[in-house]
There are 2 protein chains.
Amino acid sequence: MAKPVVPEEARRRRRPTRQGVVLSERLIVETALRMLREHGSAGLSARRLGAALGADPSTLYRYFDGMDALTLAIGEELIGRALDGWAVTGQWRHDLRELGLRIHGAYLSHPQAAVLTAGRVTGRPREIAADEAVLGILRTAGFPDPEAVLIYHAFIDQSLAFAALDAGALALTEPSRSSDEGQWESTYARLPADEYPHIAATRRLLAARMNHSAYPVALDMLLASAEARLQALRAG
Amino acid sequence: MAKPVVPEEARRRRRPTRQGVVLSERLIVETALRMLREHGSAGLSARRLGAALGADPSTLYRYFDGMDALTLAIGEELIGRALDGWAVTGQWRHDLRELGLRIHGAYLSHPQAAVLTAGRVTGRPREIAADEAVLGILRTAGFPDPEAVLIYHAFIDQSLAFAALDAGALALTEPSRSSDEGQWESTYARLPADEYPHIAATRRLLAARMNHSAYPVALDMLLASAEARLQALRAG
DNA sequence: AAGATAAGGTCAATGGTGTTGGCATAAGGA
DNA sequence: TCCTTATGCCAACACCATTGACCTTATCTT
C-alpha cells in the first residue's frame, strides 16, 4: 500500500486530468462497466481504463488501492442496480422471487463484470441492505429464526451462484455469437445413442432447455420447498 | 495457433527435458493442481509451471494450445475425481444427493483450481458421463421426460454454481486463515441494530451459519421439491 | 546399420500486465 | 497572496502469455 486512498466524500481538490477530465469514483466505475461490456472481461486493464478516462493508469491508485478494490466497487454497483426500484409487497414468496430474478438479471446484464465480481462478497452498504431485506421478509412471513437464517443463506447464495455461472456462460459464448440453439442440438446429436441412451432419448428437450438459465426453475423449487416447510410448521 | 498440439495418444517421441523429466498431459495437469493448491490461483503461470516441471515454459504449448486449454483439462480432471468410486444404488434421491455432494466436494478440495474451471463447461468425456447418469436416475425414478430434463438442468447447474461460489470464498479466505467464525461475528456486530434490526436479531445464528456452505441446504430443498412433484404426478 | 524425418524441447523476443516511488503542479485554505 | 498538500503524471520494475526460429534426438524406413 504505497499511496493512501482518499475516501470519496473527503475529496476536495478535484484537479482535472491532462486531457481535461475530472475524475471520481463513480466515473471510474461506470467507465469500467462500459469497457467490460464493450471489450469483454479481458479488456479491462489499468492501462486501458486509464486511456479511456484520459488519465494515467497510475492515477487509478489514488481512487482504489488495486484492481481488486475496483472490482469490488463494480460488484457493489451491480447489486445497487438490482435493488433500484424494488419494493416489498408483503407476499413473501412473490417478493423473494422478484428479488432473486432482479439480482440474477442485474448481473446478467453485465456478464463480463459479473464474472469478475460475483462470488466476491463485499460487505458494502447496498449488499448488506439486500441481506437485511431478505431476512426481514422471511421472519415476517413467520419462519422461526433458525429456519429463516437457513433459507436466507440458501436463497442469497443460490442467486449469486447462478448469476456467476450464467454470466460466465454468457460471457464466453457472446464472442462466438452463432451459438443459438443449434449448438446444443449438434453437441448432443454427436454422442453415440447406445452409449448415452438417456441423453439420446431427450435430445430435443435438452437442446431447447440448455440455452436458458436453470435459475428460475431452481429458484421456484427452493421457494416451493420453503413454503412446504412453513405449512408443516403451522400444522404441527 | 502457431504450433499444432499432438493429441496425447498419438505421442511417440517422448524426449526427456533438459532436466531429465519426461512430460505428459497427466503429469502437467497434476503438477498444475499441486501448484494451485500450494501457491493459490494466482500462482499458476506458464513460467512457474514450466519451472516446476523442469521444462521451458514454451514447451507447454506442445501439449495445450494456451493456458485456457490447460484450465479446461484441469476441470475435466476434477469432475473425473468426483465420479471415481461413485455408484448408483437405485434410490434416486439418495443417489442424486450423493453425486451432488461429491461434485461439490471435489471442487472444494481444490478451491484454487475450482475458481478457474467451474463455470467452464467442457463437454469432455467424464462430464458427459455425469450428465447421462443424472438423466438416467431421474427417468428411471419415474419423472416424465420434460420434467426430468428440467430437474437435471437445475440440479447440475446448482451443483456447479455452488461449487464455484464456495470455492471462490475458500480461495479468498485461505490466505488470511484467521477467519474462523469470529470474523462474521464481528462483521454483523459492527452494523447498527436500529438500521438492520433483522440482522441484529439473528446475529448469532448468522455468524454460525455463514462459515458453512449453503449448498447442502439448497440441494435438499431442490430434492424435496422434486419429490413433491413426483408424488403429485403419481397421485393425479 | 545408416540415414531421413519431424516431434518435441529450447531460446530469445514481443507486447502486454499491475504496481510503485518520485516529481511537478495547481487547488483551496490562510 | 502565499503555503500546503492532494492529486495527476512519468519512468521503471517485475511479471505475464505467446510465438517463430532453431536444434537435437527418437523413431521409422531402407
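Protein chains get the first letters and strands the later ones, always in sequence-line order, with residue 1 at the start of each. What you see is a predicted model; the values in this text were computed from it and never measured. Just the heavy atoms: all of them, side chains too, but no hydrogens, waters or symmetry mates, feed the values below.
Using a 4.0 Å heavy-atom distance criterion, A/Phe64 is classed as making no nucleic acid contact. Note on A/Arg12: only backbone sugar-phosphate atoms sit closer than 4.0 angstrom, heavy atoms only; bases stay farther off. Here B/Arg18 lies in heavy-atom contact (under 4.0 Å) with sugar-phosphate atoms only.
Summarising the geometry, the separation between CZ on A/Arg62 and C1' on C/dG21 is reported as 10 Å, rounded to the nearest angstrom. Atom CG of A/Leu70 and atom C1' of C/dT19 are 14 Å apart (whole Å). Computed from coordinates, the B/Met67 CE to D/dC16 P distance equals 9 Å when rounded to whole Å. Taking atom OH on A/Tyr63 and atom P on D/dT7, their separation rounds to 7 Å, with Å as the unit. Rounded to a whole Å, the CG atom of B/Asp56 is 13 Å from the C1' atom of C/dA13. What separates NE2 of B/His39 from C1' of D/dC15 is a distance of 16 Å, to the nearest Å. Distance, A/Glu8 CD to D/dA6 C1': 14 Å, rounded to whole Å. Taking atom CG of B/Leu49 as the reference point, atom P of D/dC15 lies 17 Å away to the nearest angstrom.
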Would B/Glu30 and B/Arg34 satisfy salt bridge (Lys or Arg N to Asp or Glu O under 4.0 Å), going step by step from the backbone distance to the final call?
-> CA-CA 6 Å; B/Glu30 277 168 6; B/Arg34 219 182 47 240; over 6 Å; no
Test salt bridge (Lys or Arg N to Asp or Glu O under 4.0 Å) applied to B/Asp84 and B/Arg126, step by step = CA-CA 10 Å; B/Asp84 268 353; B/Arg126 319 211 54 176; 3.4 Å; yes
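A donor-acceptor contact shorter than 3.5 Å links the side chain of A/Thr17 to the backbone of A/Gly54. Under the 3.5 Å distance criterion, the side-chain polar atoms of A/Glu132 are matched with a main-chain donor or acceptor of B/His198.
Side-chain N/O atoms of A/Ser45 include one lying less than 4.0 angstrom from OP1 or OP2 on C/dT17. Considering only side-chain N and O atoms, B/Ser58 lies nowhere under 4.0 angstrom from the phosphate OP1 or OP2 of D/dT19. A close approach under 4.0 Å does not occur between any side-chain nitrogen or oxygen of B/Tyr61 and OP1 or OP2 of C/dG8. In this model, the phosphate group of C/dG8 is not approached by any side-chain N or O of B/Thr59 to a distance below 4.0 Å at OP1 or OP2. A close approach under 4.0 Å does occur between a side-chain nitrogen or oxygen of A/Thr17 and OP1 or OP2 of D/dC9. Under 4.0 angstrom from either OP1 or OP2 of D/dC16 there lies at least one side-chain N or O belonging to B/Arg47.
One finds no salt bridge joining B/Glu25 and B/Arg14 here, because no Lys/Arg side-chain nitrogen approaches an Asp/Glu carboxylate oxygen to under 4.0 Å.
For A/Thr202, the side-chain contact (heavy atoms from CB on, under 4.5 Å) partners are A/Leu206, B/Leu135, B/Arg139, B/Asp145, B/Val149, not counting sequence neighbours.
Residues A/Tyr107 and A/Ser159 bring no donor and acceptor atom of their side chains to less than 3.5 Å of each other.
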Would you tabulate the nitrogen or oxygen pairs shorter than 3.5 Å linking the protein to nucleotides 2-6 of chain C?
| unit_1 | atom_1 | unit_2 | atom_2 | d |
| --- | --- | --- | --- | --- |
| C/dT5 | O2 | B/Arg13 | NH2 | 3.2 |
| C/dA6 | N3 | B/Arg13 | NH1 | 2.6 |

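The two atoms that bring B/Ile103 and B/Ala82 nearest to each other are CA-CB, 3.9 Å, heavy atoms only.
Residue side chain A/Arg14 does not reach the base of D/dT7 through any donor-acceptor N/O pair under 3.5 Å, judged by distance alone.
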